[in-house]
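This report concerns only the one structure given below.
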Number of protein chains: 2
Amino acid sequence: MTDVARKAGVAPMTVSRALRGDGYVVEEKKERIINAAKELGYVLNMSAGSLSSNKTNFVSVLIPSINNSNFSETVHGIAEVLHSKGMQILFGYTDYSMENEEHIISTMLKRRPEGIILTGGVHTDQARNLLKNAHIPVVEIWDLPEKPINHAVGFLNSRTIEDMMARLLFLGYRNIAFLGGDEGGDNRGRERRLGYERAVKTLGLDKSCVIPLGPPPITMMHGKEGIIRLIKEWPEVDAVVCVSDLPAFGAIMECQRQGWKVPERLAVAGFGDFEVSSFSCPSITTINVGCAELGRNAGEIMAKAIEGIRCKTPISPQIITTPHTVIEREST
Amino acid sequence: MTDVARKAGVAPMTVSRALRGDGYVVEEKKERIINAAKELGYVLNMSAGSLSSNKTNFVSVLIPSINNSNFSETVHGIAEVLHSKGMQILFGYTDYSMENEEHIISTMLKRRPEGIILTGGVHTDQARNLLKNAHIPVVEIWDLPEKPINHAVGFLNSRTIEDMMARLLFLGYRNIAFLGGDEGGDNRGRERRLGYERAVKTLGLDKSCVIPLGPPPITMMHGKEGIIRLIKEWPEVDAVVCVSDLPAFGAIMECQRQGWKVPERLAVAGFGDFEVSSFSCPSITTINVGCAELGRNAGEIMAKAIEGIRCKTPISPQIITTPHTVIEREST
DNA sequence: CTGTTAGCGCGTTCAA
DNA sequence: TTGAACGCGCTAACAG
């Protein structure tokens, strides 16, 4: 920076102001400084800047998996908002494990994010501790937690499945099964399964049947295997709700191979409104949870919360419930 | 850190060594220090650490899109290796745009990554400049560039399609079209299209037909629309190679709706070996490019290159060509 | 194995 | 609108 300053004939402090675009610098000097920097190949050092200003200008976002279009749409929404406010995002992928999450949080915090966005409302005790001590805004997204750490934007997974079940009942199905939703670390899956079980009771169905598919990520393969087990275990089944569109697709394709007509022999519904669901033949009935909008909401809250902290006027905890829609297609 | 040191009855420097796990600290003191840190909720500040040590311990990885299983598998491979060496990764998504890439690079460099991995071999001049001046290892992945900036791991997109074409010819197809591959910023698509056009000549086919699908990302929707245009433009077509599995799937599903049997009326091949291709009914003939292995290779090179720089024994540029395989399935 | 000293490259703060 | 002084929190380097 000193070199640039010398070359432009100003003090280093003026270079700092010009290059960050804050504070007042006469336009003509600014230009000279920017040119000098370019010629020297000078690039600001944010480690030093952050240390001095106590601002890192980035937010951590933790999602279970990089390869899931629901999460990636959410991330798009978050990024859209935060980038527009000049913030950067540092991603972490937890692989659906709370232990990984804890580890990633502790690693992230060393870089002093100004906020952190988590997927899901269940975390290890140590993770909660770390977050508390960090004194930065936390936004939990997707699953609305019982007791949010701070802010939250999401929906009730159980409710989405209950709505789907009601729809299937209305369409005339009576023997409805559920594919997916394990005991283990799969909180979203468990919630959806819970919704299924509640709906079976509420709607007064005679029988229920859950085919667990193991820990996430649940793939097309799981749907293929699951549907075979299902038909064997409960031949009278006339509809099945899957924990996501991926196993729903896998199940439907396997049905085609087996000659089980969808939806005549068996109706199949998914969750998430993935691209494959609208193009699949038959197209797949599913639940859209407005991922992008959810992400934008989370981004807005985070931006405001950070602004609040910087100005020493912290905002109060925000809890937003986002809407979901059952989308009826050919598979039911 | 001073507080932790006081609490543990040591000097701050010893706390630093204990918490980073480098250098020698007597086990008993180390434990005391770690406990003290935990009790005080102390977390290392890497901004300060990086400033002092001139090591940031992270690598930037730029990919076109978060939501593409090919790229995400590659990223998995990279992460596997780099995490095992204790490095972190900072992702950037370019949205298939060189201008975005340039901007992201310049933002990233302010945080002083110790290396940078780019997808594709074509960049803006300014981007190349920035990278040169940064004096850090650069690994270009996926497309093998004509003139690599530094290291490269990838394959020739054109070659993969040529191999697919040869396979289709062997299977008896003669009127083979290509779906996708635009003029614009889509370098990978253009290369694949080039491979198609070369193969048409080399293999002595009578006619060629390219249906461009616009700029990436190319989705299932593009395949659906493209196949309709194709059949209209060239009714005699008996096979079509798609720029990726996504449009291939979209095309096949549309064929089912239209009553065009795949592969009897029309054979369809894709690229990338996405999950949907093996579960689709019919399953889709495609090209597997070993994304995860490619990523691991890139990670290994990066790790060695960084090690080299730290030890002042820089390694020489590495260029690795990774293998690809044509996977024949039901759609041809 | 541990401690001391010095300084990494900026931005805050205040004065001009 | 610009500049000077200072210190952010840590680690390299060296001494013991």
Side-chain angles (χ1 to χ4, degrees), chain A residues 1-34 36-37 40-58 86 107 109-114 133-135 309-312, chain B residues 1-34 36-37 40-58 86 107 109-114 133-135 309-312:
Chain A
M1 189 178 266
T2 312
D3 293 345
V4 176
R6 191 163 23 227
K7 181 149 188 156
V10 295
M13 194 56 236
T14 309
V15 175
S16 172
R17 283 195 268 253
L19 259 29
R20 278 177 304 130
D22 92 332
Y24 302 98
V25 179
V26 163
E27 199 51 50
E28 171 243 316
K29 271 189 193 165
K30 194 171 193 164
E31 216 166 278
R32 231 163 58 211
I33 291 169
I34 289 173
L40 295 173
Y42 171 77
V43 178
L44 275 170
N45 181 333
M46 288 192 67
S47 291
S50 299
L51 182 61
S52 177
S53 69
N54 210 21
K55 280 182 217 150
T56 52
N57 204 44
F58 82 91
T107 314
L109 289 179
K110 293 182 190 163
R111 299 196 189 271
R112 299 291 188 270
E114 299 196 48
N133 284 327
H135 301 291
I309 289 209
R310 286 184 177 173
C311 303
K312 287 169 190 181
Chain B
M1 190 178 266
T2 313
D3 293 345
V4 176
R6 191 163 21 228
K7 182 152 188 156
V10 295
M13 192 59 231
T14 309
V15 174
S16 173
R17 283 195 268 253
L19 258 28
R20 279 179 303 132
D22 91 332
Y24 301 98
V25 178
V26 163
E27 200 50 49
E28 172 244 313
K29 270 187 192 163
K30 195 170 193 166
E31 215 165 277
R32 231 162 60 209
I33 291 168
I34 290 174
L40 294 173
Y42 171 76
V43 177
L44 274 170
N45 181 333
M46 287 193 67
S47 291
S50 299
L51 182 60
S52 176
S53 69
N54 210 22
K55 280 182 218 150
T56 52
N57 204 43
F58 83 91
T107 314
L109 288 179
K110 293 182 190 163
R111 299 196 189 271
R112 298 289 190 270
E114 298 196 47
N133 284 328
H135 301 291
I309 290 210
R310 285 184 178 173
C311 303
K312 287 169 190 181

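So that the names make sense, note that chain A is the first sequence line, chain B the second, and so on, each numbered from 1. Only this structure's heavy atoms are used, side chains among them; waters, hydrogens and symmetry mates stay out.
Protein chain A contacts DNA chain D over a range whose 5' and 3' limits, counting nucleotides with an atom under 4.0 angstrom from a non-hydrogen atom, are D:dT1 to D:dG9.
In terms of the side chain to side chain donor-acceptor pair (under 3.5 Å) criterion, B:R17 has no residue partners (sequence neighbours excluded). Partners of B:K30 by side chain to side chain donor-acceptor pair (under 3.5 Å), not counting sequence neighbours: none found. With sequence neighbours left out, the side chain to side chain donor-acceptor pair (under 3.5 Å) criterion links A:R32 to A:E28. Residues that satisfy the side chain to side chain contact (heavy atoms under 4.5 Å, CB included) test with A:S53, not counting sequence neighbours, are A:K55. For B:S16, the side chain to side chain donor-acceptor pair (under 3.5 Å) test picks out B:R20, with sequence neighbours left out. Every residue meeting the salt bridge (Lys or Arg N to Asp or Glu O under 4.0 Å) condition with A:K7, not counting sequence neighbours, appears here in chain and number order: A:E39.
In the interface, the side chain of B:S52 is paired with the base of C:dG7 through a donor and an acceptor atom under 3.5 Å apart.
The distance between atom CG of A:N57 and atom P of C:dC10, rounded to the nearest whole Å, is 16 Å.
Residues from residues 40-49 of chain A that place a heavy atom under 4.0 Å from any atom of DNA chain C, listed by number: A:Y42, A:N45, A:A48, A:G49. The stretch residues 22-29 of chain A touches DNA chain D through A:Y24, A:V25, A:V26, A:K29, each having a heavy atom under 4.0 angstrom from the strand.
Evaluation of the salt bridge (Lys or Arg N to Asp or Glu O under 4.0 Å) test over residues 41-54 of chain A, restricted to residues two or more places apart or in two chains, returns none.
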Shorter than 3.5 Å, N or O on both sides, protein versus nucleotides 14-16 of chain C: list them out with atom names.
none

Name the atoms and distances for all side-chain donor-acceptor pairs under 3.5 Å in residues 40-47 of chain B, with sequence neighbours left out.
from  : atom 1 : to    : atom 2 : distance (Å)
B:N45 : OD1    : B:S47 : N      : 2.9
B:N45 : OD1    : B:A48 : N      : 3.2

